[in-house]
S.K.: 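I am attaching a structure below and will ask some questions about it afterwards.
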Amino acid sequence: MKHYTSIHDIDNINSWIEEAKALKLTPLKHLELGRNKTLGLLFFNSSLRTRLSTQKAALNLGMNPIVMNVSGDAWGIEFGDGTVMNGNTAEHIKEAAAVVSQYCDIIAVRAFPTLTDKVKDESEEVLNAFKKYASVPLVNMESATGHPLQGLTDAITISEHKQKERPKVVLSWAPHVKALPHAVANSFAQAMQKMDVDFVITNPEGYNLSPEIVGSTPIINNQEEAFKDADFIYVKNWSSYDDYGKVNNTDPNWMITKEKIGDAKFMHCLPVRRNVIVEDAVLDSDSSIVIQQANNRTYAAQLVLKKILENA
Ligand SMILES: CCC[C@H](NC(C)=O)C(=O)O
Ligand SMILES: NC(=O)OP(=O)(O)O
């Protein structure tokens, strides 16, 4: 594996999950693999978990992580071909990606969507520009349409916590105060579609994810019906896909409550807005496995970096 930019880069999710569990048991076993190798982490957007867990994953492999907040600290980057750069951009991605490749053995990038230009977002302009102009492997730390480190993490977590061979997993939309990306929900759905689980999605009318993501997964617009016999309830807000990037629904009745969760385990990628997405009573109970889920971010990233280093 050269790059890890999509859940589709996972050839066998069950073997990846077992490899990640093994890494979790002995995280420092491969310290020599990454010695004297540099991981460059480039953030065009905010992050807590991805920023810290991916650095920790690199350190566990003996790598040297270096981090930059591109939007705040670097020059404005131009992504257009043939652009006369007499505006606000000072450096072209052709130079920026090539230069970072001189300093790093692997580059990891976070770049959220515009949520105003569907064509641009679905072209994965930033991620694919790095893929094209960088000369080293690339890792997606959440792009316009996917968050594959999160999706792998979620698969590991469900495998660890399932109480039956084929659990029922529900991806539920919940309300939010601003427009959020589809990336986390997209990668979670793709990961679940690779696993042996009974997977359903529940969201209000007008909030279906892209048909390319949903595929044959059932969509149930009645949340209560979807939650029946659920073993895992994975909650995430996303803005409308059909009315791209819009917030047309903030119905608080979709918020997750203790009454709704039943015997299911509550999952969320975090950060989460308490008492908007989910009530305190759920997060503060044994129903929630969000901290264990966040811990697994390190081992998902470590497995990805290990596979790239072994392929180098
Ligand atoms: C990991 C989640 C990152 C981002 N969340 C926010 C709040 O912007 C999102 O919803 O994609
Ligand atoms: N879940 C996740 O990616 O968290 P951060 O945005 O804090 O990195």
Side-chain angles (χ1 to χ4, degrees), residues 4-7 39 41-58 65 67-72 108-116 118 121-122 124 126-127 139-158 171-191 201 203 207 209-210 213 234-241 244-247 249-250 254-256 266-278 283 288-302 304-305:
Y4 184 70
T5 56
S6 163
I7 290 290
L39 171 68
L41 296 93
L42 306 179
F43 288 93
F44 287 78
N45 304 91
S46 304
S47 171
L48 185 148
R49 278 144 293 274
T50 306
R51 181 186 303 269
L52 296 177
S53 62
T54 310
Q55 286 183 81
K56 183 172 174 65
V67 186
M68 172 168 271
N69 297 322
V70 177
S71 297
V109 179
R110 167 168 283 195
F112 287 174
T114 65
L115 289 180
T116 54
K118 184 190 275 192
D121 289 343
E122 297 205 325
E124 285 287 10
V126 175
L127 193 70
V139 174
N140 178 353
M141 296 195 294
E142 187 175 347
S143 65
T145 65
H147 194 352
L149 288 176
Q150 186 67 54
L152 175 55
T153 295
D154 299 331
I156 295 163
T157 307
I158 286 171
L171 168 60
S172 176
W173 179 91
H176 198 278
V177 294
K178 66 175 190 169
L180 294 187
H182 308 87
V184 168
N186 288 350
S187 290
F188 181 73
Q190 290 172 330
I201 301 171
N203 57 252
Y207 268 82
L209 293 167
S210 161
I213 295 293
Y234 189 99
V235 181
K236 184 70 184 73
N237 170 267
W238 59 84
S239 52
S240 176
Y241 178 78
Y244 193 68
K246 295 293 187 300
V247 178
N249 185 325
T250 56
W254 279 80
M255 182 182 77
I256 307 305
F266 173 81
M267 294 177 72
H268 192 284
C269 63
L270 304 181
V272 72
R273 288 181 180 240
R274 283 176 171 249
N275 307 309
V276 174
I277 296 280
V278 56
L283 277 174
S288 171
I289 58 173
V290 300
I291 304 305
Q292 297 94 315
Q293 184 182 354
N295 181 44
N296 284 334
R297 288 297 309 272
T298 299
Y299 307 104
Q302 191 170 334
V304 164
L305 293 173

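These numbers were taken from a predicted model, which means no experiment stands behind them. In this chain, residues are counted from 1 in sequence order. Atoms within a ligand are numbered from 1 in the order they appear, just like the ligands themselves.
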S.K.: Identify, by atom number and element, the atoms of ligand 1 in contact range of Leu180, meaning under 4.0 Å from any of its heavy atoms.
M.R.: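 Near Leu180, meaning under 4.0 Å from one of its heavy atoms, ligand 1 has 6 (C), 7 (C), 8 (O), 10 (O).
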S.K.: Atoms of ligand 1 less than 4.0 Å from Leu270 heavy atoms?
M.R.: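 Counting atoms of ligand 1 from 1, those under 4.0 Å from Leu270 are 1 (C).
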S.K.: Is the backbone of Thr114 close enough, under 3.5 Å, to the side chain of Asp121 for a donor and an acceptor to pair up by distance?
M.R.: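 Confirmed, Asp121 side chain pairs with Thr114 backbone.
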S.K.: Using heavy-atom distances only, which candidate in Ala294, Ser53, Ser47, Cys269 approaches atom 8 (O) of ligand 2 most closely?
M.R.: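 Considering heavy atoms of Ala294, Ser53, Ser47, Cys269, the nearest to atom 8 (O) of ligand 2 sits in Ser47.
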S.K.: Look only at interatomic distance and state if Glu142 has a nitrogen or oxygen under 3.5 Å from any nitrogen or oxygen of ligand 2.
M.R.: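 No, there is no polar N/O contact under 3.5 Å.
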S.K.: Flag Pro271 as yes when one of its N or O atoms lies below 3.5 Å from any N or O atom of ligand 2, and as no otherwise.
M.R.: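 It does not: no N or O of Pro271 is found under 3.5 Å from an N or O of ligand 2.
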S.K.: Applying a 4.0 Å heavy-atom criterion (strictly less than), which segment of Asn237 is in contact with ligand 1: side chain, backbone, both, or neither?
M.R.: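 It is neither part, as no heavy atom is under 4.0 Å.
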S.K.: Do His182 and Tyr244 make the cut of ring centroids closer than 6.0 angstrom?
M.R.: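 His182 vs Tyr244: aromatic centres under 6.0 Å.
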S.K.: Looking at ligand 2, would Met141 count as a contact under a 4.0 Å heavy-atom criterion?
M.R.: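 Per 4.0 Å heavy-atom rule, Met141 does not contact ligand 2.
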S.K.: Look at ligand 2 and say whether Gln150 reaches it with a heavy atom at a distance under 4.0 Å.
M.R.: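 Yes, Gln150 has heavy atoms under 4.0 Å from ligand 2.
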S.K.: Backbone or side chain, does any N or O of His147 fall under 3.5 Å from an N or O of ligand 2?
M.R.: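 Yes; at least one N/O pair falls below 3.5 Å.
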S.K.: Nearest to atom 10 (O) of ligand 1, what protein heavy atom do you find, and at what distance?
M.R.: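 Atom 10 (O) of ligand 1 sits closest to the protein heavy atom Lys236 NZ, 2.6 Å.
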S.K.: Out of curiosity, Leu305 CG to Thr54 OG1, how far, rounded to the nearest 0.5 Å?
M.R.: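 Going from CG on Leu305 over to OG1 on Thr54, the span is 7.5 Å.
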S.K.: Below 4.0 Å, non-hydrogen atoms only: which portion of Leu149 touches ligand 2? Side chain, backbone, both or neither.
M.R.: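 No part of Leu149 comes within reach of ligand 2.
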S.K.: Can you tell me which residue and heavy atom of the protein come closest to atom 3 (C) of ligand 1, and the distance to 0.1 Å?
M.R.: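 Here the nearest protein heavy atom works out to Glu142 OE1, 3.4 Å.
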